[in-house]
Visitor: 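Starting off with a structure, shown below.
Heavy-atom basis, side chains included; hydrogens, waters and symmetry copies ignored. First listed ligand is number 1; within each ligand, the first listed atom is number 1.
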Amino acid sequence: ESGSESWKIGMSQCNLGEPWRVQMNADIKAAADEAAKIEVVFKDAQNDTLKQQAQMEEFISAGVDLIIISPKEAAPLTPVVSQACNQGIPVIVLDRRILGDNYTCFIGADNRKIGKAAGEWIVNKLDGQGNIVELKGLMTSTPGQDRHAGFREGINGSEINVIFEADMKWLEPNARKEMESALARFEDIDLVYAHNDPGAHGAYLAAKAAGRANEIMFVGIDGLPQEGQAYVKQGILSASFEYPTGGEEAIKTALKILNGKKVDKEITLDSRFFTPANIDKGGRELEAN
Ligand code: FRU
């Protein structure tokens, strides 16, 4: 009431192995610092679902005022989010979804739309035909599922063949290994569609080591200035689709919830894409569809 007490927010981050997640935490921290009266306690689950469950339970027993979670996987982290909600702690789910609707608010970009836009961009780039390798993000996480489904929709009806697909679980070293297998098996690969930029870069490194980087195009998702956009500028990626971290929106939304205001259950963030042709103009918006 006096306006002097501050809110305590628990932030459960599934891992900090990729630049994108480091950026998400930095965005959260910057927005919280600016808002003042908010203290964010960050926990890193180091890509371990069981650890993330335990850390969520710690936030619940500590009685934090609100939790932000970017869950590693959907199904196994659903019960602990419910548990928090059932005990009256609001939960903002960021980027990867859980199952069902027992949470306060979901914030993220539309991964199905991004995947579809990538598919359509690739059809256009390859004049409707070609051999593609798809390196998928963790398929027990919703962005992996949606980037896959959207992409298949985008290439539907074309003569594009996905000749090799593998789950690289969002990780660059896995993507590199999977790409080595693809290169060993197939002589003719036109393009690699990877569900994130670390994956696209891992595939590029494999192709480069095999002396085949020049004959293959690479497309990724995330589009961070220091990662995907830089790769586009360097000519490593033909396109990178932006996946905003939502860190700032999470803090803005948290403040509304903590101040007793109503928020939308679903907040969808806009995305753009970067290619050598548009990167100097800051990329381009995805077509509305
Ligand atoms: C980072 C990351 C990003 C990807 C997002 C999907 O862990 O793999 O590269 O866009 O998670 O949730």
Visitor: Would you call Glu172-Arg176 a salt bridge at under 4.0 Å N-O?
Guide: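 Salt bridge between Glu172 and Arg176, a charged N being under 4.0 Å from a carboxylate O: no.
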Visitor: Within the structure, does Arg147 bring an N/O atom to less than 3.5 angstrom of an N/O atom in ligand 1?
Guide: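 Between Arg147 and ligand 1 (N or O atoms, distance only) the closest approach is under 3.5 Å.
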Visitor: Asp95 heavy atoms, cut-off 4.0 Å: which ligand 1 atoms fall inside?
Guide: 6 (C), 12 (O)
Visitor: Under 4.0 Å from a heavy atom of Trp170: which atoms of ligand 1 are those, numbered in the order shown and with their elements?
Guide: 6 (C), 8 (O)
Visitor: Among all residues two or more places apart in sequence or in another chain, which pass the salt bridge (Lys or Arg N to Asp or Glu O under 4.0 Å) test with Lys72?
Guide: none
Visitor: Do Arg21 and Asp95 sit within salt-bridge range, that is, some charged N less than 4.0 Å from a carboxylate O?
Guide: yes
Visitor: Which atoms of ligand 1 sit under 4.0 Å from any heavy atom of Asn15?
Guide: 7 (O)
Visitor: Tell me which one of Arg96, Glu227, Glu242 gets a heavy atom nearest to atom 2 (C) of ligand 1.
Guide: Arg96
Visitor: Checking side chain to side chain contact (heavy atoms under 4.5 Å, CB included) between Ile67 and each of Val81, Ile9, Val41, Ile60, which is the one that passes?
Guide: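 Answer after filtering Val81, Ile9, Val41, Ile60: Ile60.
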Visitor: Look only at interatomic distance and state if Tyr243 has a nitrogen or oxygen under 3.5 Å from any nitrogen or oxygen of ligand 1.
Guide: no
Visitor: So do Asp101 and Phe106 actually touch side chain to side chain, heavy atoms under 4.5 Å?
Guide: no
Visitor: Are the side chains of Arg272 and Glu285 in contact, using a 4.5 Å heavy-atom criterion?
Guide: yes
Visitor: Starting from atom 1 (C) of ligand 1, find the nearest protein heavy-atom neighbour and note its residue, name and distance.
Guide: Glu18 OE1, 3.0 Å
Visitor: Out of Asn196, Asp222, Val22, who is nearest to atom 10 (O) of ligand 1 when you count heavy atoms only?
Guide: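 The nearest heavy atom belongs to Asp222.
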Visitor: Pairs of nitrogen or oxygen atoms closer than 3.5 Å, one from Trp20 and one from ligand 1: do any exist?
Guide: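 No; every N/O pair is 3.5 Å or more apart.
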Visitor: Looking at Glu134 and Arg147, does any basic side-chain N land under 4.0 Å from a carboxylate oxygen?
Guide: no
Visitor: Any nitrogen or oxygen of Arg21, main chain or side chain, under 3.5 Å from a nitrogen or oxygen of ligand 1?
Guide: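 Checking ligand 1 against Arg21, an N or O pair does fall under 3.5 Å apart.
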